[in-house]
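Start at 1 and go down the list; that is how both ligands and their atoms are numbered. Computed from heavy atoms alone, side chains included, the values below leave out hydrogens, waters and symmetry copies.
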Amino acid sequence: MSNSLVERAEALWRDLSFPSVARWKEETGGLAIGYMPVWAPRELLHAQGCLPVGILGGGQDLEIIRGDAYYQSYICHIPRSTIELALNGSLDVLDGMLFPATCDVIRNLSGIWKLKFPGKLARYLDVPQNFDPAVGGAFLRHELFELSADLAARGARPLVPEALRRSLALYNENRALVRTLHAMRAEAPWKVPASEAYSLLRASLLVPVETSTEMLRAYLAAVEADTARRPMDQARVLLTGSFCEQPPLGLIRTLERSGCYIVDDDFVQVHRWIRGDVPLTGDPLDALVQAFLEDSIESPVRYSADGSKGADLVDRVRRTGAEGVLFCAASFCDPALLDQPMTVAAVEKAGIPWTAFKYAENNGQFQVIREQAGTFADALKLWSGA
Ligand code: SF4
């Protein structure tokens with residue numbers, strides 16, 4: 001298969017000057033609104049003529065010069081690189097930033113943003129942990145309504161139901177392709193390496209949904225047509241814990257080279273946060289809220305009823321045919337690491353082998369992880385089914 005699409009995608013997301021966003025603004029005159037992990041109402045932004053821009057930190061390509069001064073040393077890396085991007089002018093192209101409720105770190109970052117960039121839109125996007133439509137639903141509807149008013153006050157189109165319905169349809173189409181991509185990975189991971197899927201999905205955060213849909217279609221068609229990629233004797237693993245700060249691309253490739261087929265993961269999770277189609281009948285804002293309440297994935301940043309933590313992970317392992325689990329969380333990621341004992345207990349109870357390690361988005365050395373993952377993969381191949 002020609003790798004040019006994947007190479008272009010990688011070049012796009014690794015360019016921290018965000019040229020695709022600048023081009024879109026020149027062509028449309030619209031507002032570009034950044035958002036942090038894990039979920040943002042991209043459909044609403046799109047319906048108001050804005051470009052939602054996923055900001056997942058600076059990764060391995062950014063030297064932190066001033067960002068460290070804003071945070072203590074014992075927290076994750078993504079807030080430092082994100083504030084660094086803002087301070088060095090890389091995010092000047094954005095007209096605003098959304099900080100979805102994931103943890104105190106993101107909440108604090110939203111406060112810093114408001115102080116440092118008073119002229120820009122900066123919203124802490126609170127999301128409900130009560131999933132009763134009359135309580136959490138009413139709350140989220142109000143949050144989204146306020147956000148839409150903020151956007152309109154800054155020059156975005158007012159929110160109208162027909163436009164939102166159109167945007168929901170476009171994102172439904174996009175999500176369906178993302179589901180197909182992941183289904184292909186689970187079925188034939190040698191055809192869709194995790195590192196390629198990651199680059200495509202990450203680049204998709206920086207372009208309009210219509211362009212992302214074209215990219216996904218082109219990639220899927222190329223995968224279907226490619227008969228050269230053949231299965232190798234690798235272990236099938238599910239990787240979990242990397243839903244916010246993303247591991248370096250080099251780490252994903254290292255895991256693949258160490259003998260693992262990553263058949264499922266938590267990378268670039270905004271694409272999968274809402275599992276299925278958002279209904280296109282009835283009030284579209286209510287439909288989006290309802291999808292958030294009732295059709296979101298399980299996540300460390302989402303409340304689960306007592307005793308149910310880990311059940312979804314075990315189910316994913318079964319569905320994807322994974323032989324083992326890699327718990328792969330960002331260092332100091334409280335939500336991931338506080339969940340881990342419960343999810344580990346669930347996979348142990350289900351008899352699923354696992355191993356765990358941590359990373360930072362700017363790690364450059366992977367030898368220790370390579371040895372650990374390689375040994376884990378060998379053990380899976382030797383002992384699975386024994
Ligand atoms: S990596 Fe974890 S702790 Fe850090 S900002 Fe993201 S969710 Fe919060």
Side-chain angles (χ1 to χ4, degrees), residues 13 34-40 52-62 64 66-87 91 94 97-116 122-129 198 201-202 205 239-249 251-252 265-273 292 296-304 309-310 312-313 326-344 356-363 369:
W13 70 260
Y35 61 89
M36 300 285 294
V38 179
W39 174 80
V53 182
I55 301 297
L56 303 189
Q60 67 271 49
D61 299 323
L62 183 71
I64 306 297
R66 287 184 282 171
D68 278 337
Y70 289 76
Y71 282 97
Q72 63 274 42
S73 54
Y74 46 88
I75 61 155
C76 57
H77 199 269
I78 187 171
R80 308 163 202 281
S81 64
T82 305
I83 195 74
E84 184 75 32
L85 287 172
L87 293 170
L91 300 184
L94 300 179
M97 273 290 279
L98 305 181
F99 300 90
T102 54
C103 63
D104 289 347
V105 172
I106 296 282
R107 184 190 289 271
N108 293 345
L109 186 60
S110 77
I112 293 172
W113 219 269
K114 284 181 183 155
L115 292 172
K116 294 297 295 181
R123 270 191 77 91
Y124 180 70
L125 185 68
D126 220 344
V127 295
Q129 299 291 347
Y198 176 77
L201 295 174
R202 185 131 183 207
L205 302 185
L239 185 152
T240 188
S242 315
F243 54 90
C244 180
E245 181 175 320
Q246 303 292 286
L249 185 60
L251 174 54
I252 301 173
D265 57 58
D266 295 344
F267 307 148
V268 206
Q269 213 171 42
V270 66
H271 291 294
R272 303 170 89 184
W273 186 266
F292 180 91
S296 292
I297 55 172
E298 292 292 323
S299 166
V301 299
R302 182 179 162 92
Y303 173 74
S304 303
K309 279 277 180 197
D312 181 70
L313 180 61
L326 300 180
F327 287 93
C328 172
S331 293
F332 299 108
C333 176
D334 278 357
L337 296 170
L338 289 171
D339 245 36
Q340 201 165 297
M342 291 176 279
T343 44
V344 163
F357 50 84
K358 297 193 275 288
Y359 63 87
E361 61 178 358
N362 63 338
N363 281 160
I369 291 176

With side chain to side chain donor-acceptor pair (under 3.5 Å) as the test, pick out the partner of Thr240 among Thr343, Asp339, Asp266. Asp266
Under-2.8 Å neighbours of atom 2 (Fe) of ligand 1, protein N/O/S atoms only: 1
Out of Cys76, Ser81, Cys333, which one pairs with Glu245 under the side-chain contact (heavy atoms from CB on, under 4.5 Å) rule? Cys76
Any idea which atoms of ligand 1 are less than 4.0 Å away from a heavy-atom of Ile106? 5 (S)
What closest approach, in Å, do Gln129 and Val301 show between heavy atoms, and which atom pair accounts for it? NE2-O, 3.0 Å
Can you spot which of Asp104, Asn108, Thr102 makes a side-chain contact (heavy atoms from CB on, under 4.5 Å) with Ile106? Thr102
Please enumerate all residues that pass side chain to side chain donor-acceptor pair (under 3.5 Å) together with Tyr198, with sequence neighbours excluded. Arg202
Using every non-hydrogen atom in the two residues, find where Ser73 and Arg80 come nearest and quote the distance to one decimal. O-NH2, 3.2 Å
